[in-house]
Amino acid sequence: MSKKRYWLLLPALILVVAFTACIQGAGPSAATKEVIIGTTDQLDSLDPADAYATHDWEIIRNTNPGLIVYQPGTADMVPGVAEGDPEISDDGLTYTFTISDGWKYPDGSELVAGDFVRGINRSLTMEGDVSFLVSTYVESVEAPDDKTVVFHLKAKRGDFIQIVSATPYGPLQEGQFPDDELVKFPETLSGVGPWQLTSYKENEQAVLERNPNYKMGFSESAPDRVIIRYFSDPTQMALAVEKGDIDIAWRILGPIETARLSTVEGLTADNTGGGGIRFLSINHDMEPFTDKNVRKALAYLVDRDEIVDRVMQGAVEPLYSIDPPGFLGSNEAFRDMYGGSPDVAKAEELLAASGYSADSPVEFDLWYPPEHYGAQAAQIFEVLKEQFEKSSMVKVTLQTQEWSTYIKALTNGEYPIGYLGWFFDYPDSSNYLDPFAQTDFAAGMGIFYSNPDMDQYLADAAASTDPAERADLYVEAQNLFAEDAVCIPLVFEAEYAVYRSDSVGKIVIGPALVFQYELIELK
Amino acid sequence: MPDDNVIRAENLSVQYKTRAGWVSAVDDVSLEIRRGEILGLVGESGCGKSTLGKALMRLIRHPARITNGHIWFQGIDLMTLSDNEMRQFRGRNIGMIFQDPMTSLNPIQRVVEHLIETIRTHEPAVSDEDAHARAADLVDRLGISANRLDDYPHQLSGGMRQRVMISLALALNADLIIADEATTSLDVIVEAQFVELLQQLCRDLDLAILMITHNIGLVAEVADRVAVMYAGRMAEMGSACDVFKEPLHPYTQGLLKAVPNIHLEEDELYKMEGSPPDLVSPPPACRFHPRCPHMMPVCSKVQPDFETARGDHRTACWLYQDVPAEYQDVREGSKA
Amino acid sequence: MTVSPLAGVCFSSLGVALLFLLYAFLRGSKGLRSYIVTRVLLTLPMVLILVTIIFFVMRVIPGDPVTSELGPRASEAVREQMREQLGLNQPIWVQYFQYLSGIVRLDLGTSLIFGNRPIVDELSERLPATLELIIPSAALAIGLGVLAGTFAAEHRKQWPDYLLRLFSVVVYSIPVFWLGLIFQVTLGLGLGIFPIAGRIDPIIDISLQRHTNILIIDSLISGNWPALLSALHYLVLPTLTLALILVGVFIRLSRINVIETLVQDYITAARARGILERVVVYRHALSNALIPVVTLIGLQFSVLLAGAVLTETTFSWPGMGQYLVQRIGQRDYTAVQSAITVFAMSVAVISMITDIIYAFLDPRVQY
Amino acid sequence: MSDNIHDHIIEVRDLKKYFPVKRDLLSSLMGVPQQWVRAVDDVSFTIRRGEVFGLAGESGSGKTTVGRLVLRLLEPSEGQIIFDDADLSTYSPEALRQLRSRMQVIFQDPFASLNPRMRIGEGIGHGYKIHIPSSASERRKAVEEIMEHVGLTPAAQLYNKFPHQLSGGQRQRAVIARALVTRPELIVADEPIAMADVSVRALLLDLMIRLKQEFNLTYLFITHDLATAKYICDRIGIMYLGKMAEIGDLHDVYKSPAHPYTEALLAAVPVPDPTDRREKHLPTGEIPNPINPPSGCRFHPRCPIAQQVCQEIEPELRPVEGNPDHLASCHLRTGDYQHLAPSA
């Protein structure tokens with residue numbers, strides 16, 4: 001019998017162990033300065049020829065900067081590994097970059113121009129998810145010497161500087177990846193950047209250590225080691241940063257958690273200025289939206305401020321152009337054209353002109369996915385329906401569909417009008433206008449908008465290398481976009497990072513959402 | 001007072017709680033069991049005889065309770081013992097055998113485990129080996145070979161299981177064995193074997209045995225004295241010969257006539273009218289009076305005492321007691 | 001094919017079970033032995049039926065793996081190529097037999113989302129994490145549930161009984177998400193004594209060499225005591241959450257079974273022998289009452305797995321449940337199919353083992 | 001045996017019922033031979049119209065199985081049961097269905113055999129509803145009539161009670177009423193009064209005897225209680241381990257039992273007379289397992305007078321002292337080996 005009694009000690013033992021663990025777990029050691037960044041993103045791939053997700057690019061950029069990089073904290077392009085701006089041939093088809101001295105891999109070997117050629121050619125031959133970002137524009141690439149990288153383009157591209165900042169254009173050290181195979185999760189990942197990925201445990205954590213040979217060096221307050229912690233949902237991540245399990249909560253907190261955390265003492269919410277846009281994607285091939293008057297009527301009826309204030313409680317901003325603020329030539333075409341507040345009379349005038357009346361209203365299904373764009377989607381659409389039906393000439397039926405089916409049907413053009421979000425592949429206005437307004441791309445998105453004027457603006461803007469000229473062209477394009485009511489921009493959802501004021505002094509992210517870990521200032 | 005009573009219950013009452021309220025299962029019952037005798041306790045189902053057996057061991061549990069009385073066991077009033085003292089009394093001084101030996105043994109315990117556990121609970125100093133040896137010795141005495149010790153209860157026959165139950169009751173040389181319908185589930189030949197064994201043990205070990213049964217024939221065969229219960233009360237108690245040859249209580253008289261006898265030539269059984277009462281609302285005073293052929297006015301008014309009618313032969317019936325004066329005048333008009 | 005890590009995990013987790021089978025086989029009677037063989041043999045068709053159902057159900061649910069992988073803009077030719085690559089262009093029965101033979105060879109194909117990554121590799125990372133969560137949870141739930149249920153039965157119709165019954169209903173009806181969140185907010189954030197999410201302290205994790213991916217075992221192997229403490233520390237909240245979901249069922253079931261056994265004749269008989277009340281309740285009554293509880297453990301195992309899916313999501317626990325949820329979202333057909341197959345097979349194996357335990361415990365069972 | 005076959009309501013010929021011993025899959029795959037429980041092994045007897053035929057023996061003797069075979073609740077492995085001149089195995093399903101109304105059963109436990117959620121009247125009328133086309137009022141009338149017959153009075157009041165509201169004796173009466181409502185010819189009563197208390201038992205026995213006369217019934221009365229059997233049975237068969245040990249008029253069997261087993265059984269019956277305590281010569285041991293019954297005479301291992309021959313040769317039923325209505329299967333008492341019997 002007495003033997004049995006010892007079993008009672010077992011729960012007690014567990015409690016003691018757990019308690020000791022509490023004490024043990026408190027406070028990182030002073031020897032190495034660590035920073036723990038939480039994210040709800042997942043790593044999809046670390047192979048630069050394949051990686052296409054935001055978080056993939058963040059890790060790759062931190063280990064391996066390209067020829068052109070972002071000016072920290074902005075969406076501006078500055079030379080990275082390159083010594084200065086490229087030399088552009090007169091026909092605009094040849095870009096020649098010169099590499100600056102002193103870029104070294106962690107093992108001490110020097111970066112050479114051939115590493116870029118290897119990386120770009122590998123992207124082209126592997127046909128990974130991201131290859132189109134190279135193959136669409138680049139005819140060939142060569143390295144006449146160890147310091148020079150020469151690109152031959154297929155067509156003139158005014159935004160090639162932006163394009164070349166994308167990760168598939170990064171250098172690739174010999175032996176890092178096999179030539180004939182995609183390796184999504186290599187044991188380690190390194191480049192000439194400040195960091196090297198030393199361990200990755202799927203859905204648990206990634207660990208980045210300093211590249212001892214990083215050319216730019218580290219500041220006194222920079223972390224020695226960066227740990228990325230993966231969470232399955234934003235609520236836990238918010239709790240974890242609040243408690244101090246992590247130092248920084250980064251993508252994707254979402255507006256609700258951000259709003260809550262920004263009121264918590266000891267936490268700093270950092271608005272990156274960058275983020276996704278949300279808009280109504282309209283199918284121009286489907287009744288009643290073949291009629292421009294109907295599209296414009298909706299543009300008159302929508303009340304962005306109500307969505308922002310009533311549903312999102314100020315966590316998002318109203319969006320008046322498909323090209324969000326901060327990008328080249330970005331304006332507020334929809335505000336200019338349709339006003340800052342709804343105008344039922346104007347809308348009804350247009351609808352009446354198309355033969356609609358209160359007795360025979362325009363009727364359509366309005367689609368959205370229930371969860372993909374956050375839990376507030378349903379409320380947003382209730383409000384939208386209300387706004388549209390302020391006019392007795394509009395009759396809206398709300399429809400929902402689970403995301404994977406939804407996105408397929410929407411982009412196949414099976415819905416008349418639906419909800420869509422967008423974030424740029426590369427930070428240029430072209431990446432906001434081309435996909436929806438250019439004839440070929442728009443068809444692929446299920447929009448089926450086609451206007452020769454628009455195509456011309458976009459082609460000219462892409463080919464131009466003069467920023468001022470490009471800006472003008474994009475203003476024209478945006479105005480036409482609003483005039484034709486191609487799609488209806490609704491809101492801009494800025495991304496926030498929340499960090500603990502007791503451990504982190506400053507972080508630098510910026511509207512391009514490029515988080516450079518070496519610029520984290522620890523206290 | 002020196003006596004050879006092993007146990008003596010005085011005015012014992014047991015009540016249990018039902019939705020209809022408290023019900024007296026045993027009402028003011030007194031009895032004694034003497035060393036070396038078998039006392040047969042008979043009665044029909046629901047008369048309280050099993051409850052009485054359990055009450056003697058204080059095995060009455062919620063929602064029932066002993067509400068009154070004393071249980072003297074060799075000079076100690078068991079009612080004054082603490083629960084733990086009483087527990088030590090059980091098994092050591094009083095053993096019990098139950099109706100169904102199949103369900104009275106723990107189905108997932110081997111025979112030997114039952115025995116060792118019982119021995120070691122009461123004598124913790126005994127080693128496992130010694131307890132095992134004692135267990136083997138014990139079952140051997142009861143005619144079970146020691147190699148059946150490792151069997152599970154379901155592997156034994158009904159008779160063997162009941163022998164195991166006896167061995168458990170005797171494991172600590174108890175003075176009193178309470179056998180509660182111990183033969184009911186046995187076939188007639190095995191039953192006869194079993195009661196022979198009980199008689200032999202009673203003689204050899206000078207035990208007191210309380211044999212609770214509804215089988216009146218069996219009592220006639222083995223009991224030295226007989227107690228008859230009706231509706232929670234003691235109706236009659238006396239030596240077997242007295243009770244069977246000259247039953248006093250009208251209930252006992254009827255009961256005995258209703259028992260089939262394979263040796264008698266008559267081919268019809270006596271039929272007692274009515275059925276035993278519901279204990280939730282028993283008849284007032286003498287509970288047998290509605291069925292009694294000798295019913296007198298006093299019978300429905302005053303409960304007769306359980307007192308000696310002739311020598312050691314006691315009964316609770318007005319036929320043998322002085323009727324209180326106010327009821328006497330109508331005595332002449334009774335059926336008796 | 002190299003020996004996959006999943007094989008190792010399977011064998012090590014089945015190792016305990018096999019040891020038990022062996023023990024039961026050697027200790028048990030002849031009848032029990034042949035029962036074990038029979039039961040093991042019967043599990044095979046059961047597993048076959050299960051995997052067959054999974055395969056065909058996976059084919060009829062909506063959502064197209066090719067579209068979710070390639071995106072909507074891919075051309076039909078590319079789609080066709082992908083279908084071919086995945087074997088989706090073959091007749092369904094060919095796919096079915098490939099799937100079956102894959103299971104036998106422990107080759108579950110490759111993930112649709114993560115290119116040529118073998119699913120066996122992914123599962124062998126995830127399964128140990130799930131085991132590390134559900135084994136202590138089940139032990140805790142069963143242990144606590146049975147003890148509390150017995151306690152309630154012992155004090156039937158007294159206040160501990162009412163309290164425990166109320167408690168069991170309450171915990172059983174609380175959604176896992178919410179319970180987990182409550183723990184995170186109170187014990188995690190409020191009192192600050194337990195971490196919110198994850199399996200181990202991220203900094204300590206760096207120093208931990210993983211072999212089995214069961215962190216407690218790994219830290220024991222490498223003698224990494226801080227890692228062991230941290231792993232246990234991180235285990236507390238998820239285990240508590242998952243255990244509480246189940247504990248209600250076990251309280252109620254143990255209670256009712258103990259109450260039933262407490263009125264059995266052999267309990268009265270044991271009391272009549274003067275056996276200590278504690279022994280009567282916790283040995284005689286409980287051991288008999290546990291026999292039906294064992295069967296329930298087998299049945300509740302699927303509930304445990306379902307609970308694990310939610311708990312893992314709530315605590316960012318990178319196990320099978322989280323994997324399943326993620327891959328369902330990504331329409332990763334092969335991964336989902338494989339994960340469910342593993343779930344189903346483990347349920348089949350556990351139910352086999354509980355049946356055998358049942359037979360082992362109850363000498364009366366006729367085979 | 002009587003020559004007039006119409007005297008017999010039931011004739012059982014060489015009846016056998018073997019139950020397979022449950023084997024696991026593995027054993028059957030490995031060809032372990034199937035074992036059988038020989039519950040009833042070559043039993044023959046007849047029941048005459050209007051009599052009470054008792055079937056007695058210890059548990060495991062096969063008496064209950066015989067009852068179920070006669071009722072056709074079980075299929076015999078071998079042998080015939082002839083009911084009213086026709087072999088039951090030749091009955092069509094429709095005929096079998098009709099047979100159910102001519103043959104009824106009363107089980108031991110009245111509580112278990114009454115549906116607890118059915119009112120007493122409905123329970124009694126259930127068989128009537130199945131077998132006899134009738135309106136609800138006709139049925140109610142028939143039920144109340146039979147309830148009066150068995151002493152469930154007042155019938156109209158008891159009709160709507162549930163089984164748990166009745167006393168034990170009333171429940172058994174309800175079971176009897178249910179059996180009688182279709183006016184059967186044969187009642188198989190399987191330990192009908194074993195659960196009843198002494199005082200109730202006599203009443204029930206009396207009731208059964210009275211009903212037998214009123215309804216011209218024949219009883220197959222299965223019991224382990226020889227003392228009670230005495231009061232109702234005309235003839236009795238004593239079974240041991242699937243075999244008939246002895247059969248004959250009750251008085252013949254009780255007065256001069258021929259089989260040692262019958263002797264033992266009668267001797268073991270307790271007598272309610274403390275002055276009549278006599279030394280009993282009880283057989284040792286208990287009834288063995290019917291899976292592998294002893295060779296020869298099945299009783300030989302327990303028999304106080306067994307000889308070598310009893311182990312070797314199986315005895316047959318033979319007349320006792322030339323009485324063709326009293327048969328016993330004992331080598332030493334009725335067979336060819338009487339000379340081997342040890343002198344008393």
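From a predicted model like this one, the values you see are computed outputs, not experimental measurements. All chains are named by letter (A, B, ...) in the order of the sequence lines, taking the proteins before the strands, and each is independently numbered beginning at 1.
- Between Asp205(C) and Ile227(A) there is no side-chain heavy-atom pair separated by less than 4.5 Å.
- Under the 4.5 Å side-chain criterion, counting only non-hydrogen atoms from C-beta, Ile206(C) is in contact with Gln205(A).
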- Query: Could you go step by step and tell me if Glu125(C) and Lys201(A) meet the salt bridge (charged side-chain N to carboxylate O under 4.0 Å, His left out) rule?
  - Reply: CA-CA 9 Å; Glu125(C) 279 169 18; Lys201(A) 288 158 190 162; over 6 Å; no
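- Scanning all heavy atoms of the two residues, the minimum distance from Pro195(C) to Asp245(A) falls at CA-OD2, 3.3 Å.
- The part of Glu312(C) that comes within reach of chain A is its backbone (N, CA, C, O), which places non-hydrogen atoms under 4.5 angstrom from that chain.
- For Ser232(A) and Thr313(C), the side-chain atoms include no donor-acceptor pair closer than 3.5 Å.
- No part of Thr198(A) comes within reach of chain C, as not one of its non-hydrogen atoms sits under 4.5 angstrom from that chain.
- Nearest approach of Glu204(A) to Pro318(C), heavy atoms of both residues: CG-CG, 3.0 Å.
- In this structure, Leu239(A) CG and Phe183(C) CZ are separated by 14.0 Å, a value rounded to the nearest 0.5 Å.
- Using a 4.5 Å cut-off on side-chain heavy atoms (C-beta onward), Lys243(A) and Gln184(C) make no contact.
- Across every non-hydrogen atom of Ala197(C) and Gln236(A), the tightest pair is CB-OE1, 3.8 Å.
- Inter-residue side-chain proximity for Ile196(C) and Glu242(A) is flagged as unmet; no heavy-atom pair is nearer than 4.5 Å.
- Atom-to-atom distance recorded for Asn203(A):CG and Glu122(C):CD is 9.5 Å, nearest 0.5 angstrom.
- The minimum heavy-atom distance between Arg229(A) and Arg199(C), with the atom names listed, is NH2-N, 3.8 Å.
- Heavy-atom minimum distance, Ser316(C) versus Tyr230(A): CB-O, 3.9 Å.
- Using a 4.5 Å cut-off between heavy atoms, Tyr323(C) does not touch chain A at all.
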